[in-house]
Amino acid sequence: MNLRLITLVLAAFFVFSVPAWSAEPQGPRLGVVTSDPEHGTRVITIGPGGESPRTLVSEPASERPSWSGDGNVLALASRGVDEAWPVVAVARGDTDELRFYRHAVLDGGSDPVITPDGQSVVYARAQFVKELPGRENYLFKGSIWSLDLVSGSIRQRTGWRLGFPVVPSSISPDGSTLAAAAYGLRGWEAVAIDLRSGHTRRLAQEAEDPVFSPDGSQVAFVRWKNWRRGGADDGKPPIYELRVASVGDSSRSRLVLRRKGLLAWPSWDSSGSRLSFTKSHVFENGYEDPEAGDKLMTINVDGTCLTRVLTAPRLTVVGSAWQPGLGREAGPLSC
């Protein structure tokens with residue numbers, strides 16, 4: 001495997017001014033990507049019941065923000081100024097700067113994920129290989145890269161792999177393992193990628209959006225159930241499941257919630273007691289774009305106390321991520 005280390009020059013990044021969140025309200029907070037006609041697309045934070053909204057970043061290109069383990073560093077995708085592809089952008093809670101890393105190009109079609117120590121960002125890249133027979137049928141190859149936020153260097157972590165690029169979604173608490181969705185012969189599956197060796201192993205079959213629990217012992221993911229059963233679009237409304245599995249045992253998982261329509265972007269709160277996710281009505285199988293009027297929901301990991309957090313007729317809720325940090329634990333819902 002020929003993995004590369006590339007050193008950044010200072011001209012490779014630039015900064016914009018954004019509100020610092022050192023004065024964020026205390027207690028549990030959720031970072032959410034939203035869009036509405038009045039404010040456009042924003043990353044906001046809200047309380048666990050949808051209260052006290054506060055804008056952090058305007059016009060991101062992310063579906064879901066990514067927090068460092070202490071909740072003081074935020075990584076996301078943004079187009080910056082005249083960028084052909086989104087690039088990695090990072091904001092820190094004690095400054096008013098949003099720093100864009102123009103050499104960390106997000107051409108893999110997914111969001112960056114920050115390591116728990118806030119020192120690095122991991123992301124996917126993709127390269128076009130060739131056009132295949134058939135309408136709009138193309139072959140790509142993908143690879144996982146990392147950006148060192150201290151030195152500014154970027155490093156290729158895995159070799160190029162033919163097929164749909166993996167979609168990173170979470171990093172284990174010790175920073176050693178990336179959870180991602182990968183497309184294989186049996187469809188999507190959740191995988192764990194060792195960031196030191198590049199070795200890949202399965203976390204769960206027929207799974208997307210895998211996220212590690214705060215202690216790293218479990219992974220939550222979503223499953224598209226009726227596509228899984230039939231292997232083809234049956235024309236019926238899609239049925240999604242939110243599931244939890246123990247890391248190291250990919251053969252079994254526990255159902256948390258099953259609903260018609262899209263369930264996406266699960267996120268654990270710092271206590272490991274509840275999960276947030278987006279619930280959206282979807283009219284056809286395979287269509288996963290959120291819509292105005294969809295809902296940010298939360299539920300206990302044992303499947304109890306399903307609760308609506310945020311929704312409005314003209315508001316599109318995309319992905320969410322609980323802000324970690326001391327005193328930010330939401331704990332279990334009561335119902």
Side-chain angles (χ1 to χ4, degrees), residues 3-8 13 21 31 43 56-57 60 62-78 86-95 97-101 103-106 108 110-125 143-158 166-181 190-201 203 209-220 247 265-270 272 319-326 328:
L3 305 186
R4 293 181 290 166
L5 178 67
I6 303 174
T7 302
L8 163 74
F13 65 79
W21 65 81
V43 178
L56 294 187
V57 179
S62 279
E63 292 182 331
R64 174 169 54 187
S66 179
W67 300 96
S68 61
D70 61 6
N72 289 325
V73 188
L74 181 74
L76 63 151
S78 183
V87 299
V88 172
V90 173
R92 298 181 182 274
D94 56 355
T95 74
E97 292 182 348
L98 179 65
R99 177 165 291 192
F100 296 82
Y101 293 85
H103 62 310
V105 180
L106 301 173
S110 57
D111 290 329
V113 182
I114 196 166
T115 54
D117 63 7
Q119 301 297 301
S120 302
V121 171
V122 179
Y123 59 99
R125 294 211 61 186
S143 179
I144 296 296
W145 292 65
S146 65
L147 164 69
D148 188 312
L149 298 179
V150 178
S151 68
S153 61
I154 59 175
R155 181 179 180 183
Q156 187 176 357
R157 292 287 183 171
T158 66
V166 298
V167 182
S169 49
S170 175
I171 294 179
S172 61
D174 65 3
S176 67
T177 307
L178 174 71
V191 297
I193 301 172
D194 189 310
L195 293 174
R196 294 161 297 193
S197 67
H199 175 72
T200 299
R201 59 184 172 87
L203 287 172
D209 290 341
V211 284
F212 286 110
S213 62
D215 65 2
S217 67
Q218 299 181 89
V219 61
V247 173
W265 301 293
S267 175
W268 298 81
D269 95 282
S270 296
S320 65
W322 288 94
Q323 184 177 10
L326 186 64
R328 299 253 181 223

Val105 vs Trp145, side chain to side chain contact (heavy atoms under 4.5 Å, CB included): CA-CA, chis, key distance, verdict: CA-CA 10 Å; Val105 180; Trp145 292 65; over 6 Å; no
Donor-acceptor contact present, side-chain Ser267 to main-chain Trp322, <3.5 Å: yes
Set of residues satisfying salt bridge (charged side-chain N to carboxylate O under 4.0 Å, His left out) with respect to Asp70, sequence neighbours excluded: none
Residues which pass side-chain hydrogen bond (donor to acceptor under 3.5 Å, both in side chains) with Ser146, listed by chain and number, not counting sequence neighbours: Arg157
Gap between atom CG of Leu98 and atom CG of Leu76 - 0.5 Å precision: 6.0 Å
Minimum side-chain heavy-atom gap Phe212-Asp174 below 4.5 Å: no
Side-chain touch Ser110/Pro168, heavy atoms, less than 4.5 angstrom: yes
Shortest non-hydrogen contact from Leu147 toward Tyr101: CD2-CG, 3.6 Å
Intermediate values then yes/no, side chain to side chain contact (heavy atoms under 4.5 Å, CB included), Thr158 and Ser143: CA-CA 6 Å; Thr158 66; Ser143 179; 3.6 Å; yes
Approximate separation, where rounding is to 0.5 Å, of Ser169 OG and Glu63 CD: 11.5 Å
CD1-OG1 distance between Ile193 and Thr200, expressed to the nearest 0.5 angstrom: 4.5 Å
Heavy-atom closest contact (Ile114 atom, Ala75 atom, distance): CB-CB, 4.0 Å
Flag side-chain contact, heavy atom, 4.5 Å: Leu106 against Val88: yes
Backbone of Arg64 reached by a side-chain donor or acceptor of Asp111 within 3.5 Å: yes
Main-chain N/O of Ser172 paired to Thr177 side chain as donor or acceptor, under 3.5 Å: no
Leu149 side chain reached by Arg92 side chain, heavy atoms, under 4.5 Å: yes
Gly69 to Pro324 - nearest heavy-atom pair and separation: O-CB, 3.2 Å
Where Pro214 and Pro173 come nearest, the two heavy atoms and their spacing: O-CG, 3.1 Å
Spacing of CH2 belonging to Trp268 relative to OG belonging to Ser213, to within rounding of 0.5 Å: 5.0 Å
Contact summary for Ala179 and Pro210, nearest pair of heavy atoms: CB-O, 3.8 Å
Test item: Ser270 side-chain N/O and Arg328 main-chain N/O as donor-acceptor pair under 3.5 Å: no
Distance in Å, Ser151 OG paired with Gln119 CD, rounded so as to fall on 0.5 Å steps: 10.0 Å
pair Leu74-Gln323: side-chain heavy atoms closer than 4.5 Å: no
Flag side-chain contact, heavy atom, 4.5 Å: Ile171 against Pro116: yes
CD on Gln156 to CD1 on Ile144, rounded to 0.5 Å: 10.0 Å
Shortest non-hydrogen contact from Pro60 toward Val43: CG-CG2, 3.7 Å
